[in-house]
Amino acid sequence: MNTRTIIITVLVVIALLILYIIITHKNLKKLQREIKERWEQIEKQIKRRFEIIPNIVETVKRCAKDESSALKGIIEARNKWNVAVTNEQKMDASEHLNESLKKLHILKEKYHSLKTNNSYIKLNKVLEETQNEIANLGERYNETVENYNKKIKKFPSKIVAKIIKFQAATYYKKTKN
């Protein structure tokens, strides 16, 4: 082989490496955007759920005047959400709300007036729909996170991810409704 062929071969290999780095970087950025967008959808539904809570609390207060412990947990969860900054803190606040809502459902069984209160029934239906939406969005979010995390750990894109300092994404905590 002559020098010219070697130089052309080296340049082609370098060009292919640069092209691979650019494509991998673009794909990782796309997955990061998808993760962000999916999290925003979850966050919107969690926020909606927390906005329903004051109405439920008021309805329960009217029907079950002497049951403040379950309501206190719900209010604490809402306050936790309002001061949460990170996704992890928001997930913790959401989990705290789930636990408090379980106590609220126990109250529903205890007080017949709650079972038959139209306002409570409607709010509870909206709450259940919202929680189902959160669960569905959480699954899609976790699928996207899994794809992204696999990609940044798999050779050869792992090298590009390390060079450009891509970090593993956090999964959404699956909670029981």
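We use all heavy atoms of the structure for the numbers below, so side chains are in, but hydrogens, waters and symmetry mates are not.
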Fill in: Pair Arg49, Thr130: side-chain N/O donor-acceptor within cut-off below 3.5 Å
no
Worksheet item: Do the non-hydrogen side-chain atoms of Val83 and Asn79 ever get within less than 4.5 Å of each other?
Response: no
Worksheet item: Roughly how far apart are Thr59 OG1 and Asn124 CG, rounded to 0.5 Å?
Response: 10.5 Å
Item to complete: Flag the pair Lys162 / Ile152 as yes when at least one side-chain heavy-atom distance between them is below 4.5 Å, and no otherwise.
Response: no
Worksheet item: Is the backbone N or O of Thr86 less than 3.5 Å from a side-chain atom of Gln89, with the two atoms forming a donor-acceptor pair by type?
Response: yes
Worksheet entry | Same apolar cluster: Phe155 and Ile164, side chain cutoff 4.5 Å | yes
Discussion item. Are the side chains of Ser119 and Glu58 in contact, using a 4.5 Å heavy-atom criterion?
Written reply: no
Worksheet item: Between Glu146 and Lys150, does at least one N-O distance fall below 4.0 Å, as a salt bridge requires?
Response: yes
Worksheet item: Do Leu31 and Lys151 come close enough that some side-chain heavy atom pair is under 4.5 Å?
Response: yes
Worksheet item: After noting the C-alpha distance and the side-chain angles of Ile56 and Leu127, does the key distance pass the side-chain contact (heavy atoms from CB on, under 4.5 Å) rule?
Response: CA-CA 9 Å; Ile56 291 176; Leu127 182 64; 3.7 Å; yes
Worksheet item: What do the steps show when you test Leu97 against Lys80 for side-chain contact (heavy atoms from CB on, under 4.5 Å), and what is the final call?
Response: CA-CA 9 Å; Leu97 179 63; Lys80 235 175 144 176; over 6 Å; no
Worksheet item: Under a 4.0 Å N-O cut-off, is there an ion pair linking Lys125 with Glu129?
Response: yes
Response to the item:
Value for CD1 (Ile21) from CD1 (Ile163), rounded to nearest 0.5 Å, stands at 5.5 Å
Item to complete: List the steps and the verdict of side-chain contact (heavy atoms from CB on, under 4.5 Å) for Leu137 and Arg38.
Response: CA-CA 7 Å; Leu137 290 169; Arg38 292 197 190 282; over 6 Å; no
Worksheet item: Step by step, would you call Gln41 with Lys44 a side-chain contact (heavy atoms from CB on, under 4.5 Å)?
Response: CA-CA 5 Å; Gln41 292 171 342; Lys44 180 181 173 186; 5.7 Å; no
Discussion item. Side-chain heavy atoms nearer than 4.5 Å, only ILVMFWY residues, links allowed to pass through others: does that put Ile159 and Leu17 together?
Written reply: no
Worksheet item: Between the main-chain N or O of Lys154 and the side-chain N or O of Ser157, is there a donor-acceptor pair closer than 3.5 Å?
Response: yes
Worksheet item: Do Leu28 and Tyr20 sit in the same hydrophobic cluster, where Ile, Leu, Val, Met, Phe, Trp and Tyr count as joined when their side-chain heavy atoms come under 4.5 Å apart?
Response: yes
Worksheet item: What closest approach, in Å, do Tyr171 and Tyr141 show between heavy atoms, and which atom pair accounts for it?
Response: C-CE2, 4.1 Å
Fill in: Donor-acceptor pair between Thr5 and Asn2 side chains, under 3.5 angstrom
yes
Fill in: Straight-line distance of Ile18 CD1 to Ile14 CD1, nearest 0.5 Å
7.0 Å
Worksheet, complete the sentence: Exactly one of Thr144, Ile42, Asn87 clears side-chain contact (heavy atoms from CB on, under 4.5 Å) with Tyr172, and that residue is Ile42
Practice prompt. Hey, could you give me the CZ/CD distance between Arg48 and Glu133, rounded to the nearest 0.5 Å?
Written response: 8.5 Å
Fill in: Value rounded to 0.5 Å, distance of CG in Leu123 from CG in Asn118
10.5 Å
Fill in: Salt-bridge present (Lys47, Glu43; N to O < 4.0 Å)
no
Worksheet entry | Result of checking Gln32, Glu34, Glu40 against Lys36 for side chain to side chain donor-acceptor pair (under 3.5 Å) | Glu40
Worksheet item: For the residue pair Arg78 and Pro54, what are the closest heavy atoms and their distance?
Response: CZ-CG, 3.6 Å
Worksheet item: Any donor-acceptor pair under 3.5 Å linking the side chain of Ser94 with the backbone of Lys90?
Response: no
Worksheet entry | Single-linkage hydrophobic cluster, 4.5 Å side-chain cutoff, Val85 and Trp39 together | no
Worksheet item: Which word best sums up how the rings of Phe50 and Trp81 line up, parallel for under 30°, tilted for 30 to 60°, or perpendicular for over 60°?
Response: parallel
Worksheet entry | Least distance between heavy atoms, Ile35 atom then Ala169 atom | CD1-CB, 3.8 Å
Item to complete: With rounding to the nearest 0.5 Å, note down the distance linking CG in Asn136 to CD in Glu139.
Response: 6.0 Å
